[in-house]
Amino acid sequence: MRNTFVSRNACAGDFSRPLAQWATKVAPTAVFAILSIAFVANAQAETVFVTLEKDNALAVVDPIAGKLIKTVEIGQRPRGIAISPDNKFLYVATSDDDTIKIIDAETLKAVGQLPSGEDPETFAINPAGDRLYVSNEDDSLVTVIDIADKKAVKQIKVGVEPEGITASPDNRWVVSASETTNMVHWIDPKTNTIVENTLVDPRPRALGFTADSQQLWVTSEMAGTLMVLDVKTKQIIKTISFDVQGVTRDKIQPVGVVIDKDSKRGYVALGPANRVAVINAQTFEVEKYLLVGQRVWNLAFSPDQKRLYTTNGTSNDISIIDLDSQKVTKSVGVGNYPWGVAVKP
């Protein structure tokens with residue numbers, strides 16, 4: 001790929017020669033310029049997709065340029081969104097259509113749909129990309145879908161009002177959080193049965209595994225806390241509270257949560273507190289709070305984990321956080337009530 005790029009930008013000569021040979025024939029500054037252009041072109045390939053719940057649409061954002069590229073109609077009340085492990089397809093829960101839509105990630109055309117059960121909102125894809133697990137909040141169910149066959153293969157009875165759901169990176173667990181029962185349910189994906197339940201703080205909203213699958217982080221919207229669970233024991237090993245200067249406790253409502261691949265830091269969206277909490281994943285201390293847009297819902301890393309993107313529901317924008325400097329660098333208006341976010345390299 002590099003050779004092809006250079007040959008198209010060379011002024012003259014034998015374009016079939018490798019880059020190393022070609023580079024000896026030109027000035028170092030020219031080589032640097034060409035490689036810089038290649039780097040920028042590669043960086044600009046990253047795309048952020050945001051579901052717009054009240055616009056019934058999908059926003060497409062160039063995060064490098066910091067601008068909205070376009071908006072595509074997607075279906076009724078889109079919320080949850082994820083990208084397939086091979087980055088070829090987007091899956092979008094259109095809640096009022098009672099389906100998960102399959103979208104070609106390049107053309108943004110609908111290419112299929114999955115039988116999600118009633119009112120899908122959140123879902124998780126397993127690491128292999130062949131199973132999708134949907135929270136059916138109204139029916140207290142988790143629906144298991146075979147993606148290739150586009151068929152529901154199992155419905156699992158869970159607690160009341162399931163919403164947050166995630167699959168562990170090692171594919172050992174699928175965990176569903178029930179908001180009213182105040183539990184997380186540990187589902188064995190081999191048998192599609194619940195093998196254990198853990199009582200957590202009121203209204204568990206979102207959850208995420210560390211990259212090594214050894215910890216599960218769970219947010220409690222009503223208690224204003226984050227719980228860290230040990231996967232082996234299924235027990236809480238740490239409960240973290242948040243205290244934002246100038247913000248009343250009733251406004252601190254933790255929702256989305258992500259942990260970086262090295263387990264150095266975790267990030268929690270604090271809802272109407274309009275902040276993202278930065279947590280040291282080794283000491284579990286809150287390092288700082290980052291001011292973002294209004295009613296921050298969900299979070300997603302860039303593929304290289306240099307940036308973090310947040311959806312801000314009532315300010316109708318996303319925030320872009322530079323993770324090296326731990327600063328918000330830009331906000332991008334995307335449309336009415338952004339909710340879910342996914343990133344394509």
Linking I/L/V/M/F/W/Y whenever any side-chain heavy atoms sit under 4.5 Å apart, do [X] and [Y] land together?
X: Phe89; Y: Ile83; value: no
X: Val218; Y: Val175; value: yes
X: Ile318; Y: Val341; value: yes

Is it true that [Y] and [X] share a donor-acceptor pair across their side chains at a distance under 3.5 Å?
X: Ser84; Y: Asp86; answer: yes
X: Thr225; Y: Asp201; answer: yes
X: Thr180; Y: Glu161; answer: yes
X: Thr193; Y: Asp188; answer: no

Is [X] salt-bridged to [Y], cutoff N-O under 4.0 Å?
X: Asp322; Y: Lys306; value: no
X: Arg77; Y: Asp119; value: yes
X: Arg307; Y: Glu46; value: yes

Query raised in the report: Would you say Ser95's side chain and Pro120's backbone share a donor-acceptor pair under 3.5 angstrom?
Result: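 Side chain of Ser95 to backbone of Pro120: a pair is present.
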Report task. Spell out, as yes or no, whether a donor-acceptor pair under 3.5 Å connects the side chain of Gln253 to the backbone of Asp250. Result ->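 Pair found, side chain donor or acceptor close to backbone of Asp250.
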Query - Cation-aromatic face contact Lys54/Tyr337, 6.0 Å, 45 degrees - result: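 Because its charged atom sits under 6.0 Å from the ring centre and within 45° of the axis, Lys54 does stack over Tyr337.
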Report task. Apply salt bridge (charged side-chain N to carboxylate O under 4.0 Å, His left out) to the pair Asp104 and Lys88, showing each step before the final yes or no. Result -> CA-CA 6 Å; Asp104 185 296; Lys88 292 182 178 179; over 6 Å; no
Query raised in the report: Rounded to the nearest 0.5 Å, how far does OG1 of Thr310 lie from OH of Tyr267?
Result: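 One gets 13.0 Å once the value is rounded to the nearest 0.5 Å.
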Query raised in the report: Would you say the side chain of Thr99 lies within less than 4.5 Å of the side chain of Lys101, judging by non-hydrogen atoms?
Result: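 They are in contact (side-chain heavy atoms under 4.5 Å apart), so the answer is yes.
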Query raised in the report: Taking it one step at a time, do Ile240 and Ile279 satisfy side-chain contact (heavy atoms from CB on, under 4.5 Å)?
Result: CA-CA 9 Å; Ile240 301 167; Ile279 300 167; 4.0 Å; yes
